[in-house]
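In this text, all values refer to a predicted model and were calculated from it rather than measured experimentally. Quick note: numbers below take in every heavy atom, side chains included, and nothing from hydrogens, waters or symmetry partners.
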Amino acid sequence: MAGPKPRIITLTKREGQGYGFYLRVEHGEEGHLIRALEMGGTAELAGLKDGDRIVRVNGTFVDILEHSQVADLVRKSGMSVTLHVLGEEAYKTAKANGVNLADTQSQSGQSQPTMNGVSAPAAKAKLCYLQKSSSGFGFSLKSTKGTKGIFMTEVMSGGEADQAGVKLDDRIVEINSENVESLSHDKIVQKVKAAGDKVMLLLVDEDADKFFKGKGIRPSTAHATVKHLPHKPRIADMTKRADGYGFILKEVPKHAGKCLPWCGNGAADRAGLEDDDIVVEVNGVNVEMSTHEEVVNLVRKSGDTLVLLVAERTAYDHLKARGIAITPQPLDKEPSADVPAPAYAQEDKRKDTGSDNERPATPPAQTWSRSSSSSSSSSSSSSASDVSEDVKL
């Protein structure tokens, strides 16, 4: 009998955060179950469903492994993990029919992989910053009868546009943060000329264009990668040493804090902090509108670990002047076109604080319903006594 076709899902998370689901084994149920999906979490957005069974982790067949072994494989995978999963019904049918899920033949015809909810390769818009040289920007514009939009053509190899990430047949969406999709060819040419020697373009390639149109989404900077930009924000992840974090914060006009690493071999230096870096976020909290004192207090309260989102001052001013929000989203993956920004679930690192608001290590194994609250989502109807082992990932 032909084997079932698993869904291949790659999840990506940030340091100190989780994938947004519980891995569970239950009495009377076979397999390693996905349970208690966090609403809006990485796993839910990627398409994992309550009751799904994990059959492979990063290519390793896990259906015959112990629960703890599977959990360790996911944990040790780092910031990204690829899962082969089967829906509850497909899994039970395969088991009832004696299908060998470890047989590579039963894994043929696999579905297209997804990354955090977007079919790979992820559809994306892109921001391209061009600075005119003596030979110009290095591209021309074209319009085609019967086709809506203005497209890139004659992209000069090695020219400014080529080096900035512009590709043949990319469609122009925005010029210097202004949407120009409804403008004529002549009007767009005028916009480019009026920009002078520097211009920021929001573009979509053919695949991304089809994807956004199919979803009824107007591309914006929220859907764009900044990987082609000359200046990028950075994540600095630090662990406090005996001499502290090894930097000081200096207040500067219009900025809450400026990093000044002072210890040449300290945590800040090892994390890549540099003089004049502007602090944008402290442990995920945006501090652009905070006072210097508030930022310092956040750093002091962070304990022994600290994650800063920073941008070199020129990069900060460069992005802000063009209305581009500085977020961690585009740093290590392409954004999902389905949502303005990805939702990341928290790692299960709670301390015993005695707070009634602390979430239990093992959520009640009851019928979970979707609501507008922040509680997890699952359709499991098993009772607490049915849960054998439960690990948040």
Side-chain angles (χ1 to χ4, degrees), residues 5-12 42 44-48 80 82-84 109-130 137-175 177-183 185 188 192 199-229 232 324-325 327-343:
K5 297 177 182 179
R7 308 194 315 276
I8 308 171
I9 295 177
T10 297
L11 303 176
T12 301
T42 301
E44 187 191 48
L45 292 176
L48 285 177
S80 179
T82 298
L83 306 175
H84 287 58
Q110 294 170 343
S111 57
Q112 187 179 20
T114 65
M115 287 193 66
N116 287 1
V118 181
S119 295
K124 60 185 180 297
K126 58 184 174 183
L127 283 163
C128 299
Y129 178 69
L130 285 67
F137 286 124
F139 71 89
S140 296
L141 296 173
K142 72 174 182 180
S143 55
T144 304
K145 187 176 181 179
T147 302
K148 187 176 180 179
I150 306 301
F151 301 85
M152 293 291 182
T153 187
E154 298 180 15
V155 179
M156 185 187 302
S157 179
E160 295 301 315
D162 182 41
Q163 293 184 44
V166 176
K167 301 298 180 185
L168 186 68
D169 292 327
D170 283 347
R171 183 173 68 84
I172 294 184
V173 179
E174 293 182 1
I175 297 175
S177 301
E178 179 185 353
N179 189 283
V180 296
E181 291 177 287
S182 62
L183 299 185
H185 180 278
I188 290 180
V192 174
V199 64
M200 177 77 78
L201 302 177
L202 178 66
L203 306 172
V204 288
D205 61 22
E206 184 178 3
D207 290 338
D209 202 14
K210 289 179 180 177
F211 183 87
F212 286 120
K213 286 178 179 177
K215 294 287 186 178
I217 298 172
R218 171 179 281 189
S220 69
T221 56
H223 307 111
T225 175
V226 298
K227 69 179 182 180
H228 298 294
L229 296 183
K232 302 181 182 68
I324 301 170
T327 71
Q329 178 184 350
L331 300 184
D332 54 9
K333 65 179 182 301
E334 299 301 343
S336 165
D338 283 342
V339 290

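- Scanning all heavy atoms of the two residues, the minimum distance from Pro219 to Val173 falls at O-CG1, 3.7 Å.
- Arg218 places no side-chain N or O within 3.5 Å of a backbone atom of Asn179 that could act as its donor or acceptor partner.
- The minimum heavy-atom distance between Cys128 and Leu203, with the atom names listed, is SG-CD1, 4.0 Å.
- In this structure, Lys126 contributes its side chain and Gly165 its backbone to a donor-acceptor pair below 3.5 Å.
- Rounding to the nearest 0.5 Å places CD of Glu178 at 12.5 Å from CG of Leu202.
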**OP:** Begin with the C-alpha distance, continue with both residues' side-chain angles, and end with the deciding distance and a verdict on side chain to side chain contact (heavy atoms under 4.5 Å, CB included) for Met152 and Leu168.
**Re:** CA-CA 5 Å; Met152 293 291 182; Leu168 186 68; 6.0 Å; no

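- In this structure Asp209 satisfies the salt bridge (Lys or Arg N to Asp or Glu O under 4.0 Å) test together with Arg171, Lys213, sequence neighbours excluded.
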Original post:
Going through the checks in order, is the side chain to side chain contact (heavy atoms under 4.5 Å, CB included) test met by Ile175 and Leu183?
Top reply: CA-CA 11 Å; Ile175 297 175; Leu183 299 185; over 6 Å; no

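- Taking NE2 of His185 as the reference point, atom OG1 of Thr144 lies at 9.5 Å (rounded to 0.5 Å).
- We find the CG-CD1 distance between Leu141 and Ile172 to be 4.5 Å, quoted to the nearest 0.5 Å.
- By the salt bridge (Lys or Arg N to Asp or Glu O under 4.0 Å) test, Lys210 is found to be paired with Glu206, residues two or more places apart in sequence or in another chain being considered.
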**OP:** Go through the steps for Met156 and Asp162 under the test side chain to side chain contact (heavy atoms under 4.5 Å, CB included), then give the verdict.
**Re:** CA-CA 6 Å; Met156 185 187 302; Asp162 182 41; over 6 Å; no

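- Shown here for Gly138 and Ala161, the closest heavy-atom pair between the two residues is O-CB, 3.8 Å.
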**OP:** Show your reasoning for whether side chain to side chain contact (heavy atoms under 4.5 Å, CB included) applies to Leu130 and Phe139.
**Re:** CA-CA 11 Å; Leu130 285 67; Phe139 71 89; 3.6 Å; yes

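- Rounding to the nearest 0.5 Å gives a distance of 11.0 Å between CD of Glu181 and CD1 of Ile150.
- Listed by first and then second residue, the salt bridge (charged side-chain N to carboxylate O under 4.0 Å, His left out) pairs involving residues 139-161 are Lys142-Asp169 (not counting sequence neighbours).
- Distance alone, capped at 3.5 Å, places no donor-acceptor pair between the Glu174 side chain and the Leu201 backbone.
- The shortest heavy-atom contact between Gly158 and Gln163 is O-NE2, 2.6 Å.
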